[in-house]
Amino acid sequence: MKHTPTIRAELDRYLQQEGLSMTEFGHIAGMNRGAVSAIVSGNKSMSINQLDLITEAMGLPEGHFYDLFIENFIIDHPPNMRRIEPFLFRCAELGKLDAIRRVVGAIMDNLLYSPKLFEIAEELLSQGRNEAALLLYEGVAETERYQHSERLAVCQYRIFMIQVGDDQSRNHKAAILFEPYVERLDDLEQLDALKDLANVYRSLRKWDKVDEMARQMRAKAEIQYSLQHQEKRKFLDDEKRTRGPLFGYIAYADLLCASVCEAQGDYQQALQYTYAYADLDWVKEDDEDTKHWVNLFSHWAVGNTYVYKLLSGEISLLNDYVEYIVTTSAANENEKLSKLLNVIIAANQFSIDVDDILKRFETLIATFSQQPSSDDMYTRQVIPDYIAWFGYELGFYYLHRGKYIDGFKYLMNAMVKSHIINNETYFINCMGLFVRFQAHAVPETKAEYFNFIERVWENNVQKNGTFSHRG
């Protein structure tokens, strides 16, 4: 039978080795002699705080005894949440994810511990310790997988939100896995979930799914908005509110449907949806937050009306649209990116010379390669997609106009960004455009291209376990 060492034995051995009495060690560790004696004799279990004090006093790294702590006090013992909870928070603080994983595996056979672990996960998430929270959400979800509970659905929602990142292939899988749980969420949380799913699918250009999520969101938001304004109905406690005003989900659904029509080339229908979210006279609220959102949708509608008319062939509106961009220059960087992307798309579609416009915004364009930082799903997912798309369109524009240095520069940037977000469509488009114009590339550019392609290939085959076919 394998003998499991104990923290007590390690401490006792250390005291003998260093010739320290319990009183002397207690003084070093900031503990009284009685506490040290009780721990060494086994008459008292230790808290995680005491363990940290002992570890530091012994001159060992933080968390050195955590695996032994799990062995000595958690595995094969009745779970004691008063001991486990602070231990999990401390593990999260130190990034001891394997220790968290072991604890979850040891106690999650019993459904009784799900509520408490869920609470801990929520607190860790609020602290920004997403990786640690993810392990707990996954543990709770696995334990409750047959319970069809709202808590299970919330866990799946949190898992989805944490997992969504730079890799669009992974994001697609996360969205597919989460989507069946939306209906189990609270009615109001469903609206945020559908909006988040729609923005992920939007970044993936899965327009059928964007349309589906938008229509579901609109239908549910209309019901909730109607309920909110029914007479004699006290609406919602503070814990059951959406991230934005209810009417905003109705308007945003129209905005999403407009983007679907735009992607399909149906600019007239896109305009009809745009006119719908521009006209919010039906909104009953009149507080400052409502006015802010109404003005925001109106602002978006003005810009998108220009865009859809421009892409419909009304190129005479281009200068007006550019002046609109200038007059709204106080808008955030994300809006500037999408607006200038529309300019370059129109330029490529209708062979318009926009050199003067690009020169006018060259300082701004230079900032578009930076990854945005935000918790908002649109900013996290749609904007990185736009950055890659913008680079491709700008590369296309310059290469077709014989400005090969600039063209290849933006094309290579778009190619790297497409690889980072794992967007195969953009990546292949960039490769095709490079091949089309490779005769005009200088040797250094060709070398950069082929070296990058080789690195991508090596990473892919290594990831798939087929890096070398030689013995």
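We number each residue from 1, following the sequence as shown. Remember, it's a predicted structure, so these values are computed and weren't measured experimentally.
- Applying the 6.0 Å contact sphere to NZ of K173 captures no more than 12 heavy atoms from other residues, nucleotides or ligands.
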Task: Audit row: E314, Y267, side chain to side chain donor-acceptor pair (under 3.5 Å) steps and yes/no - done: CA-CA 11 Å; E314 297 184 42; Y267 302 117; over 6 Å; no

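- Applying the side-chain hydrogen bond (donor to acceptor under 3.5 Å, both in side chains) criterion to Y426, with sequence neighbours excluded, gives D385.
- The environment of R145 atom CZ is dense: over 12 non-hydrogen atoms of other residues, nucleotides or ligands sit within 6.0 angstrom.
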Open item on the list: Before you tell me yes or no, could you show the steps for N295 and S298 under side chain to side chain donor-acceptor pair (under 3.5 Å), namely the whole-Å CA-CA distance, both residues' side-chain angles and the distance that decides it to 0.1 Å?
Closed with: CA-CA 5 Å; N295 289 336; S298 176; 5.9 Å; no

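- Within a 6.0 Å radius of CD1 in I405, other residues, nucleotides and ligands contribute 12 heavy atoms or fewer.
- Contacts of L310 classified as side chain to side chain contact (heavy atoms under 4.5 Å, CB included), with partners at least two apart in sequence or in another chain: L318, Y321, A346.
- Q272 CD: more than 12 foreign heavy atoms inside a 6.0 Å radius.
- A salt bridge does not link D355 to R401: none of the charged side-chain nitrogens sits closer than 4.0 Å to a carboxylate oxygen.
- Screening D98, D52, T55 for a side chain to side chain donor-acceptor pair (under 3.5 Å) involving Y66 leaves a single residue, D52.
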- [ ] Could you go through the salt bridge (charged side-chain N to carboxylate O under 4.0 Å, His left out) check for K220 and E183 one step at a time?
- [x] CA-CA 11 Å; K220 292 177 183 294; E183 291 289 336; 3.1 Å; yes

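- Between E458 and R455 there is no salt bridge, since no side-chain nitrogen of the basic residue lies less than 4.0 Å from a carboxylate oxygen of the acidic one.
- Within a 6.0 Å sphere centred on CG of N451, other residues, nucleotides and ligands contribute more than 12 heavy atoms.
- Surrounding CD of E131 are at most 12 heavy atoms belonging to other residues, nucleotides or ligands under 6.0 Å away.
- Residue E179 qualifies as enclosed at atom CD: its count of foreign heavy atoms under 6.0 Å is above 12.
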